[in-house]
Amino acid sequence: MRVKCVICDKINRIDNDCPQAKKLRNRLIHTYMCPSCHERITKKTKSRKQSGNFRLYQNKKVKDEFLS
């Protein structure tokens with residue numbers, strides 16, 4: 001399967017039967033990133049996390065009023 005990186009527009013080939021290919025075929029919201037872009041973003045995210053400039057916003061838990 002031919003896939004295109006969403007960041008650098010490089011075209012790569014992945015195996016048709018791999019889980020990533022199945023996700024890309026069946027769920028259109030999933031996108032492909034080439035290994036070099038993925039590693040670059042991972043490295044920058046880890047450095048931001050260590051510096052303290054990274055906040056991970058989590059959903060607030062809503063109390064279910066109908067069950068109580």
Side-chain angles (χ1 to χ4, degrees):
M1 173 180 201
R2 287 174 23 138
V3 290
K4 186 176 185 179
C5 178
V6 294
I7 296 175
C8 66
D9 294 333
K10 185 169 48 168
I11 297 175
N12 290 341
R13 285 192 168 274
I14 59 174
D15 186 29
N16 283 335
D17 297 328
C18 72
Q20 187 178 22
K22 291 180 181 180
K23 281 182 187 176
L24 292 172
R25 269 195 310 272
N26 294 331
R27 299 183 187 109
L28 298 177
I29 198 161
H30 287 268
T31 55
Y32 174 79
M33 257 194 303
C34 64
S36 60
C37 289
H38 189 269
E39 185 174 330
R40 186 181 75 228
I41 289 175
T42 302
K43 189 186 318 179
K44 288 185 178 186
T45 302
K46 285 181 181 177
S47 67
R48 260 196 352 250
K49 248 182 163 175
Q50 291 174 351
S51 71
N53 291 333
F54 183 80
R55 288 189 182 166
L56 184 60
Y57 295 102
Q58 297 181 2
N59 295 338
K60 293 181 181 179
K61 293 185 179 182
V62 178
K63 186 178 177 182
D64 219 2
E65 296 176 12
F66 296 111
L67 295 176
S68 56

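The model shown is predicted, which means the values in this text are computed figures rather than measured ones.
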Query - Minimum heavy-atom distance between Ser36 and Lys10, given as atom pair plus value - result: OG-NZ, 4.0 Å
Query raised in the report: Closest heavy-atom contact between Thr31 and Leu24?
Result: C-CD2, 3.8 Å
Requested in this report: Output the distance between atom CZ (Arg48) and atom NZ (Lys44), rounded to the nearest 0.5 Å.
Outcome: 9.5 Å
Query raised in the report: Is there side-chain contact between Pro35 and Asn12, with at least one heavy-atom pair below 4.5 Å?
Result: yes
Query raised in the report: Going from NZ on Lys4 to CZ on Arg2, what distance comes out if it is rounded to the nearest 0.5 angstrom?
Result: 9.5 Å
Report summary line: Value for CD (Glu39) from SG (Cys34), rounded to nearest 0.5 Å, stands at 10.5 Å
Query raised in the report: If you group Ile, Leu, Val, Met, Phe, Trp and Tyr whenever their side-chain heavy atoms sit less than 4.5 Å apart, what else falls in with Ile11?
Result: none
**Report entry** More than 12 heavy atoms of other groups within 6.0 Å of His38 NE2
**Finding:** no
Report summary line: Taken to the nearest 0.5 Å, the spacing of Ile41 CD1 from Met33 CE works out to 4.5 Å
Got a list of side-chain donor-acceptor pairs under 3.5 Å for residues 13-20, not counting sequence neighbours?
residue	atom	partner	partner atom	Å
Asn16	OD1	Met1	N	2.9

